[in-house]
2 protein chains.
Amino acid sequence: MIDQYDRRILRILQQDGRITNQQLAQQVDLSAAACWRRVKAMEESGVIQRYAALLDPRQLEQGLTVVLMVQLSQHNRAYRDAFETRVKGLSEVLQCYALTGNADFMLRVQVPDMAAYDRFLNDNLFTLEGVAQVQSNFALREVKYETAFDI
Amino acid sequence: MIDQYDRRILRILQQDGRITNQQLAQQVDLSAAACWRRVKAMEESGVIQRYAALLDPRQLEQGLTVVLMVQLSQHNRAYRDAFETRVKGLSEVLQCYALTGNADFMLRVQVPDMAAYDRFLNDNLFTLEGVAQVQSNFALREVKYETAFDI
DNA sequence: ACTGAAAGTCGTTGCAT
DNA sequence: ATGCAACGACTTTCAGT
């Protein structure tokens with residue numbers, strides 16, 4: 001089970017995924033070897049899923065964020081699976097959740113500009129059977145973007 | 001400016017933020033020193049914002065994801081700033097975007113369970129002046145979660 | 001800008017507790 | 001589970017192109 005040492009390790013790694021093992025060990029007050037073994041065990045068990053560099057989309061010409069609410073026309077398995085499989089394969093879709101409420105799915109899409117978004121919709125979403133409604137909400141501002149949650 | 005070498009470096013770092021500089025250099029076909037300087041320059045300029053370990057919320061008792069749509073009663077600066085400042089300070093709120101469309105904001109909140117979400121709403125959101133409507137959409141499933149976008 | 005080499009630091013394993 | 005010690009691997013800097 002995960003104990004307080006693990007939690008402290010995770011809290012730090014969420015904020016700095018590239019901290020050296022030695023520094024990490026020092027901060028959580030363990031020997032380097034003990035700390036290292038704990039991190040490896042959590043990578044193995046999937047508690048730590050992966051490490052990522054987080055980039056600035058605006059500096060990389062991917063500055064348009066769109067939040068989409070999608071409704072399917074019927075809630076059968078075929079439409080749902082087709083939609084989810086498509087979504088997983090689209091590199092513009094960074095996040096997708098199946099939701100309770102009016103909309104069936106929420107998507108976050110990251111594209112360079114409106115022209116690219118237009119293409120994205122026409123080529124990838126409107127071509128899908130069973131997509132009844134798509135509401136596009138454009139991000140005026142990113143108020144907060146955090147990957148770290150409470151542990 | 002960012003060139004093709006930088007792009008290749010970024011693509012790899014998005015997927016594996018803990019790759020060693022040596023491996024990275026080998027994969028992009030640069031010497032270790034050249035690769036290292038490019039990475040440092042991109043960290044300096046903010047193209048690389050930070051490195052993060054991505055964890056599994058379900059294994060850490062933070063398994064309830066909620067997508068909130070929030071409307072303010074008036075669109076003046078005071079209400080908006082109060083809301084945004086509050087949101088930035090709440091560790092349960094991992095993402096928040098100011099949006100076009102009916103809702104003014106979309107929030108993604110990560111909590112352990114419904115009881116915690118109830119507390120979150122009552123303590124942090126309903127206490128704010130100027131919040132006219134809050135629609136909570138609970139995530140049934142995480143279809144996709146990606147931090148990497150096209151470069 | 002780049003490479004190659006040098007020096008210092010770190011990761012990783014084996015062993016003992 | 002842990003710490004210590006050793007070795008190989010890696011990061012980082014610097015001189016030279």
Side-chain angles (χ1 to χ4, degrees), chain A residues 1-63 112 146-151, chain B residues 1-63 112 146-151:
Chain A
M1 266 311 291
I2 270 194
D3 64 11
Q4 280 307 114
Y5 279 117
D6 289 331
R7 287 179 194 280
R8 292 177 66 190
I9 289 171
L10 292 173
R11 262 181 235 124
I12 295 166
L13 284 176
Q14 280 196 120
Q15 305 295 347
D16 181 4
R18 272 201 93 127
I19 190 171
T20 65
N21 182 60
Q22 292 200 356
Q23 285 181 278
L24 182 59
Q26 205 176 349
Q27 288 187 32
V28 301
D29 205 34
L30 277 174
S31 71
C35 183
W36 185 85
R37 277 187 290 255
R38 281 168 177 272
V39 170
K40 289 299 142 186
M42 291 192 288
E43 290 171 355
E44 194 62 36
S45 71
V47 170
I48 298 173
Q49 295 179 322
R50 63 187 193 90
Y51 299 91
L54 303 181
L55 313 182
D56 181 358
R58 289 189 304 186
Q59 290 192 53
L60 294 161
E61 297 167 311
Q62 291 284 336
E146 188 52 73
T147 56
F149 50 82
D150 292 333
I151 297 170
Chain B
M1 267 310 292
I2 274 196
D3 64 10
Q4 280 308 114
Y5 280 116
D6 290 331
R7 288 179 193 278
R8 292 178 67 189
I9 289 171
L10 292 173
R11 263 181 235 124
I12 294 166
L13 284 176
Q14 281 196 118
Q15 305 295 347
D16 181 4
R18 270 199 95 125
I19 190 172
T20 67
N21 183 60
Q22 291 200 350
Q23 285 181 280
L24 182 59
Q26 205 175 352
Q27 287 188 33
V28 300
D29 205 34
L30 278 173
S31 71
C35 184
W36 185 84
R37 271 189 303 261
R38 282 167 177 272
V39 171
K40 290 299 141 186
M42 291 191 287
E43 290 170 356
E44 195 60 36
S45 70
V47 170
I48 298 174
Q49 296 179 320
R50 63 186 194 91
Y51 300 90
L54 303 181
L55 313 182
D56 181 359
R58 290 188 303 185
Q59 290 193 53
L60 293 161
E61 296 168 308
Q62 291 285 338
E146 188 52 72
T147 56
F149 50 82
D150 291 332
I151 298 169

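Here is the naming used below: chain letters follow the sequence lines, and residue numbers restart at 1 for every chain. Computed from a prediction, not measured in an experiment: that's the story for all the values here.
- Between B:Ala53 and A:Ile48, the shortest heavy-atom contact is CB-CG2, 4.4 Å.
- The CZ atom of B:Arg38 sits 17 Å away from the P atom of D:dT11 (whole-angstrom rounding).
- Taking 4.0 angstrom as the limit, B:Trp36 places a side-chain polar atom (N or O) nearer than this to OP1 or OP2 of D:dT12.
- Residues from residues 6-30 of chain A with heavy atoms under 4.0 angstrom of DNA chain C, sorted by number: A:Thr20, A:Asn21, A:Gln22.
- Rounded to whole Å, atom P of C:dT3 lies 8 Å from atom OH of B:Tyr5.
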For this session: Output, in order, the C-alpha distance, side-chain angles, deciding distance and verdict of side chain to side chain contact (heavy atoms under 4.5 Å, CB included) for A:Arg7 and A:Arg11.
Result: CA-CA 6 Å; A:Arg7 287 179 194 280; A:Arg11 262 181 235 124; 3.7 Å; yes
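- Contact between A:Met42 and A:Ser45 at its shortest, heavy atoms only, is O-OG, 3.3 Å.
- The base of D:dG3 lies close enough to the side chain of A:Arg37 for a donor and an acceptor atom to sit less than 3.5 Å apart.
- Residue-level contact check: B:Ala33 touches the bases, meaning some heavy atom is under 4.0 Å from a base atom.
- Looking at every heavy atom in both residues, A:Asp56 comes nearest to B:Gln49 through CB-NE2, 3.5 Å.
- Between B:Lys40 atom NZ and C:dC2 atom C1' the separation is 19 Å, expressed in whole Å.
- Closest approach of A:Asn21 and A:Cys35 over heavy atoms only: OD1-SG, 3.7 Å.
- Residues A:Gln27 and A:Arg8 come closest through the heavy atom pair O-NH2, 2.9 Å.
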